[in-house]
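Basis for what follows: all heavy atoms, side chains included, without hydrogens, waters or symmetry-related copies. In what follows, chains carry the letters A, B, and so on, assigned in the order in which the sequence lines appear, proteins first and then strands, with residues in each chain numbered from 1.
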There are 2 protein chains.
Amino acid sequence: MDRVKMADVAREAGVSAMTVSRVINGKGYVSDETRRRVLRVIERLGYRPSGIARGLATRRTGTIGLVVPDVANPFFADVARGVEESAYAEGYNVFLCNTDEDPQRELAALGSLEERQVDGLILCSSRLTEDELHKVVARHTSFVLVNRRLVGARTHSVLLDDEAAGRLATQHLLRIGRRAVGLVAGPETSHSGQLRAKGYRAALAADGLPYYPEWVRPCAPTASGGRQATLELLSNHPELTGLVCYNDLVAVGALQAAKDRGCQVPADLAIVGHDDIPLAALVTPALTTCRMPRYELGTRAVGLLLEQLDSSAEPSAEIVLSPELVVRASAPGPPETEP
Amino acid sequence: MDRVKMADVAREAGVSAMTVSRVINGKGYVSDETRRRVLRVIERLGYRPSGIARGLATRRTGTIGLVVPDVANPFFADVARGVEESAYAEGYNVFLCNTDEDPQRELAALGSLEERQVDGLILCSSRLTEDELHKVVARHTSFVLVNRRLVGARTHSVLLDDEAAGRLATQHLLRIGRRAVGLVAGPETSHSGQLRAKGYRAALAADGLPYYPEWVRPCAPTASGGRQATLELLSNHPELTGLVCYNDLVAVGALQAAKDRGCQVPADLAIVGHDDIPLAALVTPALTTCRMPRYELGTRAVGLLLEQLDSSAEPSAEIVLSPELVVRASAPGPPETEP
DNA sequence: TATAATCCTGTTAGCGCTAACGGAAACGTA
DNA sequence: TACGTTTCCGTTAGCGCTAACAGGATTATA
């Protein structure tokens, strides 16, 4: 039992395949009577056009490739959701490739998507070297980087202002009177982590406070990484009254470490995370955190990509999305002051 | 600048396009010398075959469609990861469609995937009616249902034993001496929820305990739904010493409700969740839960799908995956007994 | 040496659709 | 009425690859 082809519909409707194509694509001219006749046959035969054949003829597949390091990470899941819903609304389908944080997997996925002739590519938090990334970008006319910049390339990017996030988190602690504020910094190789640390230092300087490197600890980007780094920090520096954490997962580890040491949160130690993943609101005490608009990362990336598809030789564009402080029990806001 | 075609490679290598195809696909006979010459030209020109053209000629696209209700839900994210990694290992790419729990979106996604001529479809936790589902299945030769059964259809399914999960969770509480065990049941329309409730009742009966309907409360499948239902249960039935919860999110809500009422967990009230999402290990106290092998749901679904693709007219197969109890602080195990 | 099988390569037709163009009829305007 | 424009439909060629077959050369065996 073969699939119904346009030629089958054409024969039954007594028109050419090209007329059927015109009806389906709403192009050119078709009389109302002819259109009705064709649509009736389409309905009766249950015809569905072949996107494959269409892609070959038009050199457009109506697909977008999205490459993410780990779809089970709530951060990337939200980006994927943003991409998928925006793309779907514009009639595109998304090929999602998960690379398990492996650059080799990433290169393979990109190659595979090229063979499938996706109309454009969105590459999220790439783990490739700058060299590799330049080569990849050169092969595609429509490409958007998410959460990564590439200097010297005609590439669109959607970024998060990680420096502002680090500053905002630190400022909040300073504003509620915490003067001994440490940083659980995440992986030393993390570009986001470095920018958040820069924001931390900038907030201290803006308040005229000294920066103590011994109050800063790198860690794995996991709850247990955060727990361990916090235990070490608190045991060497019991004077700390606040902690800025690389992300919410690390902050949950810090909560656990505080409990391990009989430290009350927020009374003895106030804690601030980053990202506002769903977990942040569900732990006790709920986390104060810098919310990063992940879903919007996805939707804006699609926006940029579609602009590229609709026009040619655009100069590269860069969108930077700003964080927003979400105040919860782990670091409550300052007391209300009378106006 | 046009993409390099097989014909370009053929011209430079001084062979026909068909020989290039043979080299690329490792089919038929090609002399070593010719193969080397062709591969050199492929490398030099940076040729990548068109998967689109190949799909049209071979009627195989090397793609699998996966439809999930919410990719940001950790349950489905893990299924997606399992599918993607298994498929990738077999040389397939996955089209992931997110339906936002909307049956109309689901039907649209399925139609779209049909046009793209995916080689097979995996439909996860479908929200379609039985009628609708029958119609969808009839259009595809290769189809796998995940976490849903369809009676009267030649369809493969991969299922979770939700009844066993409910039984296991309840048995654990009974084993640690909790005789007044309630159930926060999740949505009344949830098939999984109904099976877990059945398992709860079976475990009570197996211990010769009476079933009290007033100890059972439906709720939304969210933390706040769980919190509210638990508050109501505890206020009407302060005699309860244990709670089985529909899933981990609902169980976190129950933790919050217990704290609201000054109830110590597990001393006054032991709590068990379902699914073992990452959150379960990160809250305090960490949740005892029934771990459902979501990643394996995905990998087994791909396995079944590939079997279908490799042979014809297979009878329908059904795989049922079993839960596993993960004991944590919210409901610790029984004290060790001397052998 | 004759025959059959294997190796190697090229040619042909087709997968299912669409861009581009052409021809005819109908319509609008001067 | 003549001319230009619009509407309507069909034909042609092609998108980039591959299944199937054919023809010639080489190898193995009786």
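Of all heavy-atom pairs spanning V118(A) and F95(A), the tightest one is CG1-CD1, 3.6 Å. Nearest heavy atom pair, residue R22(A) against residue Y29(A), reads CD-O, 3.8 Å. Here the closest heavy-atom approach between residue L45(B) and residue V4(B) is recorded as O-CG2, 3.5 Å.
R149(A) places a side-chain heavy atom less than 4.5 Å from the side chain of L159(A). Between V38(A) and V30(A) there is no side-chain heavy-atom pair separated by less than 4.5 Å.
The side chain of K27(B) has dA19(D) as its nearest neighbour among dC15(D), dC17(C), dA19(D).
The side chain of R60(A) places no N or O atom within less than 4.0 Å of a non-bridging phosphate oxygen (OP1 or OP2) of dC15(D). Contact annotation: Y47(A) side-chain N/O to dC17(C) OP1/OP2 distance is under 4.0 Å. OP1 or OP2 of dT18(C) has at least one side-chain nitrogen or oxygen of S21(A) nearer than 4.0 Å. Within the 4.0 Å cut-off from OP1 or OP2 of dT18(C), at least one side-chain nitrogen or oxygen of R54(A) is found.
Regarding D8(A), its CG atom lies at a distance of 9 Å from the P atom of dG16(C), rounded to whole Å. Atom CD in E115(A) sits roughly 20 Å away from atom P in dC15(D) (whole-Å rounding). Across the protein-nucleic acid pair, K5(B) atom NZ and dG14(D) atom P stand 11 Å apart, rounded to whole Å. The CG-P distance, from L56(B) to dG14(D), rounds to 17 Å in whole Å. If you take CZ of R59(A) and P of dC17(D), they are 11 Å apart, rounded to a whole angstrom. The CD-P distance, from E33(A) to dA26(C), rounds to 14 Å in whole Å. dC8(C) atom P lies 17 Å from atom CG of N25(B), rounded to whole Å. Regarding I52(A), its CD1 atom lies at a distance of 10 Å from the C1' atom of dG16(C), rounded to whole Å.
Partner of R127(A) under the side-chain hydrogen bond (donor to acceptor under 3.5 Å, both in side chains) criterion, chosen from E106(A), E101(A), E132(A): E101(A).
Ion pairing between a basic and an acidic side chain is recognised when a charged N comes within 4.0 Å of a carboxylate O; E115(A) and R54(B) show no such pairing.
Place G28(B) and A57(A) on DNA chain C by their nearest nucleotides, and G28(B) ends up nearer the 5' end.
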How would nucleotides 4-12 of chain D be written as a contact map, 5' to 3', with B for base contact, S for sugar-phosphate-only contact and - for no contact, using protein heavy atoms under 4.0 Å? ---SBBBB-
